[in-house]
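I have placed the structure first, in the form of structure tokens, so that the comments after it can refer back to it.
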Amino acid sequence: MDTPPPRFAHVDDVAARLAAAGYLASDAIATTAFLADRLGKPLLVEGPAGVGKTELAKALASAIDGDLVRLQCYEGVDEARALYEWNHAKQLLRITAGQGDSWDELRGDIFTEEFLLPRPLLKAIRATGETVLLIDELDKADQEIEGLLLEILGDFQITVPELGTIRAERRPLVVLTSNATRELSEALRRRCLFLHIDYPEPELEQRIVQIQVPELGASLAESVVRLVNRLRLLKLRKSPSVAESVDWGRTLVALGAREMTPDVVADNLGVLLKHQDDLVRARHALEL
């Protein structure tokens with residue numbers, strides 16, 4: 001496997017190219033992304049839901065003009081969904097068509113590239129161009145998947161018994177995300193650079209909202225961020241994320257609101273909060 005040339009010249013280059021992709025990165029985010037590229041290590045990103053972990057991977061793919069290959073994790077995801085599987089229906093058709101052939105002849109036919117269905121991990125390993133491999137919400141997957149990832153992220157190769165070992169021609173940029181609903185193994189963490197993304201500072205969040213909702217004026221954008229940050233101080237089941245701040249800004253634009261009145265807030269609070277008890281608590285705290 002060839003060692004690819006650095007994708008970024010320096011930390012400021014990372015920040016500028018992410019910004020061009022619509023992602024405003026803090027110094028910590030830009031620096032860690034730069035080091036992940038230079039050191040050739042996966043980037044493990046943790047933080048609350050909706051703070052931009054997945055969007056960071058998407059922005060990195062855009063920044064390096066590469067493809068995004070995404071493995072969405074969930075309880076029960078297995079090797080067949082993550083690595084590869086054989087097209088059994090097509091294999092059965094080949095066996096049926098070749099009823100007069102010996103097993104040795106059939107086996108040589110049905111275990112070939114034609115019958116292989118690559119899944120995200122194999123797709124990323126086989127990619128010849130710039131690629132970002134996003135392993136999203138790893139904490140939702142079973143621990144067995146972590147063991148599978150240790151081998152792949154260590155050597156960037158996959159062994160298909162019938163075809164042999166497939167090695168990456170060009171090491172992808174790897175981003176793993178976690179909402180920290182369960183603890184990831186120390187073995188996995190050792191192989192990664194770690195980045196924690198929290199809710200951004202109000203000034204940065206206002207810039208994010210204005211970039212994502214350019215029709216929203218600066219004054220309304222400031223009001224959006226002020227309201228969201230006030231809600232985050234409450235003891236809610238699910239605090240509003242940056243994504244919901246953007247949705248709130250779009251809501252105001254869609255309603256043609258010139259200011260954020262109590263009626264507008266009361267009627268549309270469900271854009272920001274997703275649980276009834278949170279709505280009740282917020283209405284009481286905001287005196288709506």
Side-chain angles (χ1 to χ4, degrees), residues 1-5 7 36-37 40-44 54 56-177 187-188 191-192:
M1 177 176 57
D2 295 334
T3 301
R7 298 174 173 94
D37 174 45
K41 284 183 171 291
L43 177 57
L44 172 59
T54 301
L56 173 59
K58 294 178 179 179
L60 283 170
S62 177
I64 65 174
D65 195 22
D67 295 325
L68 179 73
V69 177
R70 180 175 182 172
L71 172 61
Q72 180 63 54
C73 297
Y74 54 88
E75 185 178 355
V77 65
D78 56 12
E79 289 190 24
R81 295 296 180 185
L83 273 176
Y84 69 90
E85 59 184 328
W86 292 102
N87 189 332
H88 300 301
K90 192 172 182 180
Q91 287 176 322
L92 183 59
L93 287 173
R94 173 64 184 88
I95 292 172
T96 302
Q99 289 182 349
D101 296 338
S102 68
W103 170 241
D104 287 339
E105 292 173 321
L106 286 173
R107 182 172 55 189
D109 281 347
I110 64 175
F111 291 110
T112 60
E113 289 281 351
E114 180 183 354
F115 298 90
L116 187 67
L117 297 175
R119 299 309 183 196
L121 296 180
L122 182 56
K123 285 181 180 178
I125 291 295
R126 298 175 73 178
T128 56
E130 287 287 13
T131 305
V132 172
L133 170 60
L134 168 61
I135 303 172
D136 212 8
E137 297 185 303
L138 179 58
D139 53 320
K140 291 186 178 180
D142 300 327
Q143 289 184 337
E144 289 76 10
I145 290 295
E146 288 187 45
L148 175 68
L149 290 175
L150 292 180
E151 178 182 359
I152 294 172
L153 298 181
D155 300 325
F156 283 91
Q157 64 181 36
I158 292 173
T159 298
V160 180
E162 296 83 358
L163 298 179
T165 299
I166 301 173
R167 296 178 176 84
E169 294 185 20
R170 186 171 182 80
R171 185 187 295 262
L173 189 57
V174 182
V175 178
L176 306 95
T177 75
L188 180 73
R191 287 164 170 78
C192 302

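Hydrogens, waters and symmetry mates play no part in the numbers below; they use all other heavy atoms, side chains included.
- In terms of heavy atoms, Leu176 sits closest to Pro42 at CD1-CB, 3.6 Å.
- Ala127 pairs by the side chain to side chain contact (heavy atoms under 4.5 Å, CB included) definition with Thr131, not counting sequence neighbours.
- Note that the CG atom of Asn87 and the CG atom of Leu117 stand 4.5 Å from one another [nearest 0.5 Å].
- Atom CG of residue Leu138 and atom CG of residue Leu71 lie 8.5 Å apart, to the nearest 0.5 angstrom.
- Every residue meeting the salt bridge (charged side-chain N to carboxylate O under 4.0 Å, His left out) condition with Arg119, not counting sequence neighbours, appears here in chain and number order: Glu85.
- A distance of 4.5 Å separates CD1 of Ile64 from CD of Glu130, quoted to the nearest 0.5 Å.
- Here CZ of Arg171 is found 9.0 Å from CG of Asp155. Values are rounded to the nearest 0.5 Å.
- Between the CD1 atom in Ile135 and the CG atom in Leu149 there is a gap of 4.5 Å [rounded to 0.5 Å].
- The line from CG of Leu133 to NZ of Lys123 is 11.5 Å long, rounded to the nearest 0.5 Å.
- Residue pairs meeting the side chain to side chain donor-acceptor pair (under 3.5 Å) criterion with at least one member in residues 133-142, sequence neighbours excluded, are Thr54-Asp136, Arg70-Asp136, Gln72-Glu137, Asp136-Thr177, Glu137-Lys140, Glu137-Asn179, Asp139-Thr181.
- Looking at residues two or more places apart in sequence or on another chain, you find no side chain to side chain contact (heavy atoms under 4.5 Å, CB included) involving Glu151.
- Contact between Leu148 and Glu79 at its shortest, heavy atoms only, is CD2-CG, 3.9 Å.
- The shortest heavy-atom contact between Ala124 and Pro172 is O-CG, 4.2 Å.
- The two residues Leu121 and Leu83 come nearest to each other via the heavy atoms CB-CD2, 3.9 Å.
- For Asp67, there are no side chain to side chain contact (heavy atoms under 4.5 Å, CB included) partners at least two apart in sequence or on another chain.
- Considering all non-hydrogen atoms of both residues, Pro120 and Val69 come closest at O-CG1, 3.3 Å.
- Taking Leu116 as the reference, Tyr84, Trp86, Glu113, Leu122, Arg126, Leu163 meet the side chain to side chain contact (heavy atoms under 4.5 Å, CB included) condition, with sequence neighbours excluded.
- Contact detail for Ile125 and Arg167: the closest heavy-atom pair is CG2-C, 4.0 Å.
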